[in-house]
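Okay, handing you the structure first.
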Amino acid sequence: MRNLVFGATGNIGSRVAHGLIDAGSRPAIFARDPSRARDLFGDRVDMHTGDLETPDSSLAAALDGVDGIFLLTDGPNLGVQDRAVSDAALTAGVQHIVKLSTLDVLTGVGTGPWHAAGEAAVRASGVPFTFIRAAGFMSNALSWSYSIRNEGILRSSTGEGKIAFIHPNDIAAVAITTLLTREPRDQALVITGPEALSYRDMAAIIARRIGRSIGFEEISDEQAYARAVGWAGEGPYVDALIDIWRAVREGRVATVTDGVQQVIGREPISFAQWAAENAASFQ
Ligand SMILES: NC(=O)c1ccc[n+]([C@@H]2O[C@H](COP(=O)([O-])OP(=O)(O)OC[C@H]3O[C@@H](n4cnc5c(N)ncnc54)[C@H](OP(=O)(O)O)[C@@H]3O)[C@@H](O)[C@H]2O)c1
């Protein structure tokens with residue numbers, strides 16, 4: 001059973017590749033930056049270098065002899081990348097594509113339309129698939145660290161709306177189980193954290209952990225946009241963020257599911273646990 005991991009130098013993909021290694025297998029990875037990949041995995045993976053924006057022959061070479069794929073792509077063009085990978089996977093005889101998608105496919109919010117296009121491309125290829133439609137990641141909260149550390153404030157346009165952020169380790173665990181069992185086939189798994197919390201709730205949880213009070217300041221969409229452009233630049237990514245934060249405020253993405261429990265047989269990790277693991281970032 002041979003798995004190829006895309007996005008292995010990033011947040012989720014690195015956890016998936018490490019998990020496959022820990023389970024006793026030797027995954028292949030497809031990475032733009034081989035030196036970063038070597039730093040992460042040493043010689044415990046089969047390395048393929050390439051860029052999904054310009055896949056050329058590197059993609060076919062990486063897929064040679066592969067049974068399963070963890071497909072992590074990003075950005076407004078990800079549907080095109082997913083099509084390139086899934087069409088090449090069909091040619092290569094791949095048996096299973098596990099695609100990291102988003103819960104927002106169901107609402108059309110934020111990056112939902114990007115992933116809907118990606119899911120459609122994978123479906124159209126005819127390769128058996130599992131879509132992991134994840135809620136927002138707990139690790140998104142790391143973007144609050146600067147203002148919490150320096151001003152003791154979390155500013156957000158999400159108001160009192162709630163979202164059930166999920167721990168990156170839970171996403172990786174679901175992906176690893178799915179890759180190792182090749183189940184469930186041709187289904188979409190909706191996975192979330194254990195409870196929907198407001199940003200004010202999450203600030204209070206971090207505050208308790210670091211032993212310092214954290215204020216919550218509600219800001220407008222326009223203020224949130226100006227701040228996000230400051231660190232991410234103008235473009236579709238920031239537009240998607242503003243859309244997601246608005247949807248949180250309006251209570252449209254507060255879904256909680258038992259998807260993690262169903263796949264890996266335990267409760268998803270709490271935000272309090274994530275805050276404990278990442279307290280140093282906020283101190
Ligand atoms: N954040 C959320 O709340 C959330 C919620 C649901 C779903 N998602 C989805 O999760 C995914 C992001 O996951 P993540 O946090 O693990 O991302 P990440 O940490 O930013 O990692 C992205 C990975 O993709 C690789 N990559 C980017 N462009 C590439 C290209 N053209 N060719 C080959 N590799 C490329 C990067 O490689 P380099 O190291 O070379 O840059 C990196 O390994 C996206 O699909 C996003 O829509 C996010």
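Atoms within a ligand are numbered from 1 in the order they appear, just like the ligands themselves.
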(request) Could you tell me the residue and atom name of the protein heavy atom closest to atom 14 (P) of ligand 1, and the distance to it rounded to 0.1 Å? (result)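 Heavy-atom neighbour on the protein nearest atom 14 (P) of ligand 1: N11 CB, 3.9 Å.
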(message) Looking only at protein heavy atoms, which one is nearest to atom 20 (O) of ligand 1, and what is the separation?
(response)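 Checked against all protein heavy atoms, atom 20 (O) of ligand 1 sits closest to D74 OD2, 4.4 Å.
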(message) I'd like to know if S101 contacts ligand 1, where contact means a heavy-atom distance under 4.0 Å to any ligand atom.
(response)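 Judged by the 4.0 Å heavy-atom criterion, S101 does count as contacting ligand 1.
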(message) Under 4.0 Å between a side-chain nitrogen and a carboxylate oxygen: does that hold for R252 and D104?
(response)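 Salt bridge: no.
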(request) Would you name the heavy atoms of A207 and R212 that are closest together and state the gap between them? (result)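 Minimum heavy-atom separation between A207 and R212: CB-O, 3.0 Å.
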(request) Kindly give the heavy-atom pair with the smallest separation between E267 and Q261, and that separation in Å. (result)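 That would be OE2-OE1, 3.1 Å.
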(message) Is the contact between D51 and ligand 1 made by the side chain, the backbone, both, or neither, using heavy atoms and a 4.0 Å cut-off?
(response)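 Near ligand 1, D51 shows its backbone as well as its side chain.
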(message) Students should be able to answer this: which protein heavy-atom is nearest to atom 3 (O) of ligand 1, and at what distance?
(response)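 Sorting protein heavy atoms by distance from atom 3 (O) of ligand 1 puts N140 ND2, 2.8 Å first.
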(request) Can you measure from CG (L72) to NZ (K99) and round to the nearest 0.5 angstrom? (result)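 The distance works out to 8.0 Å.
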(message) Distance under 4.0 Å to a non-hydrogen atom of T102: what atoms of ligand 1 satisfy this?
(response)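 Taking each heavy atom of T102 in turn, ligand 1 has 6 (C), 7 (C) under 4.0 Å.
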(request) Assign the ring pair W144 / Y199 to parallel, tilted or perpendicular, where the plane angle (0 to 90°) is split at 30° and 60°. (result)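 Tilted, since the angle between the ring planes falls between 30° and 60°.
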(message) With the threshold set at under 4.0 angstrom, would you say A135 reaches ligand 1 through any of its heavy atoms?
(response)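 Yes, A135 has heavy atoms under 4.0 Å from ligand 1.
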(request) Have a look at ligand 1 and work out which part of D104, if any, has a heavy atom under 4.0 Å from it: side chain, backbone, both or neither. (result)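 Within the 4.0 Å criterion, D104 makes no contact with ligand 1.
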(request) Could you tell me which atoms of ligand 1, counted from 1 in the order shown, lie closer than 4.0 angstrom to a heavy atom of G10? (result)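 The atoms of ligand 1 under 4.0 Å from a heavy atom of G10 are 19 (O), 21 (O), 42 (C), 43 (O).
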(request) Can you sort out which atoms of ligand 1 are near A134, meaning under 4.0 Å from one of its heavy atoms? (result)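 Numbered from 1, ligand 1 contributes 6 (C).
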(request) For atom 45 (O) of ligand 1, grab the closest protein heavy atom and report residue, atom and distance to one decimal in Å. (result)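 Minimum-distance protein heavy atom for atom 45 (O) of ligand 1 reads T73 O, 2.6 Å.
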(request) May I ask whether H115 places a heavy atom under 4.0 Å from ligand 1? (result)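 Under 4.0 Å: yes for H115.
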(request) Determine, considering heavy atoms only, which of L78, T54, L52, L59 sits nearest to atom 32 (N) of ligand 1. (result)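 Going through L78, T54, L52, L59 one by one, L52 has the nearest heavy atom to atom 32 (N) of ligand 1.
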(request) Working to the nearest 0.5 Å, report the span between CG of L154 and CE of M202. (result)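 Output value for this atom pair is 8.5 Å.
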(request) Report the nearest protein non-hydrogen atom to atom 16 (O) of ligand 1: residue, atom name, distance rounded to 0.1 Å. (result)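 For atom 16 (O) of ligand 1, the nearest protein heavy atom comes out as I12 N, 2.9 Å.
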(request) For atom 39 (O) of ligand 1, state which one of L241, I132, T49, T9 supplies the nearest heavy atom. (result)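 Comparing heavy atoms across L241, I132, T49, T9, the nearest one to atom 39 (O) of ligand 1 lies in T9.
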(message) Minimum distance, heavy atoms only, to atom 22 (C) of ligand 1: which one of L100, L72, L71 is it?
(response)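 The residue whose heavy atom sits nearest atom 22 (C) of ligand 1 is L72.
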(request) Provide, to 0.1 Å, the distance between atom 24 (O) of ligand 1 and the closest protein heavy atom, together with that atom's residue and name. (result)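 Looking at atom 24 (O) of ligand 1, the protein heavy atom closest to it is G7 CA, 3.6 Å.
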(message) Any carboxylate oxygen within less than 4.0 angstrom of a Lys/Arg side-chain nitrogen, looking at D39 and R36?
(response)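 A salt bridge is absent here (no side-chain N lies under 4.0 Å from a carboxylate O).
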(message) For F70 versus A175, what's the shortest heavy-atom pair and its separation?
(response)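 Reported closest heavy-atom pair: CE1-CB, 3.7 Å.
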(message) Suppose we measure from atom 48 (C) of ligand 1 to each protein heavy atom; which comes out shortest, and what is that distance?
(response)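 It is F137 CZ, 3.2 Å.
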(request) List in chain and number order the residues that pass salt bridge (charged side-chain N to carboxylate O under 4.0 Å, His left out) with R83, two or more places apart in sequence or in another chain; answer none if no residue qualifies. (result)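 If we apply the salt bridge (charged side-chain N to carboxylate O under 4.0 Å, His left out) test to R83, skipping adjacent residues, there are no hits.
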(message) Evaluate R15 against D170 for salt bridge (Lys or Arg N to Asp or Glu O under 4.0 Å), listing each step before the verdict.
(response) CA-CA 10 Å; R15 296 168 203 256; D170 282 340; over 6 Å; no
(message) Checking a contact table here: which protein heavy atom is nearest atom 41 (O) of ligand 1, and how many Å away?
(response)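 For atom 41 (O) of ligand 1, the nearest protein heavy atom comes out as R32 NH2, 2.8 Å.
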(message) What's the separation between atom CG in L189 and atom CD1 in I171, rounded to the nearest 0.5 Å?
(response)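 Going from CG on L189 over to CD1 on I171, the span is 12.5 Å.
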(message) Taking 4.0 angstrom as the limit and counting only heavy atoms of E53, give me the atoms of ligand 1 inside it, by number and element.
(response)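 Within the 4.0 Å cut-off of E53, ligand 1 contributes 31 (N).
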(message) Looking at Y225, I want to see if its OH is surrounded by more than 12 non-hydrogen atoms of other residues, nucleotides or ligands under 6.0 Å.
(response)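 Atom OH in Y225 is crowded, with more than 12 foreign heavy atoms closer than 6.0 Å.
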(request) Considering non-hydrogen atoms only, spot the tightest contact between V127 and H96 and give its length. (result)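 Scanning both residues, the minimum pair turns out to be CG1-N, 4.0 Å.
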(message) Check this for me - ligand 1, R36, N or O atoms closer than 3.5 angstrom, yes or no?
(response)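 No: no nitrogen or oxygen of R36 is under 3.5 Å from one in ligand 1.
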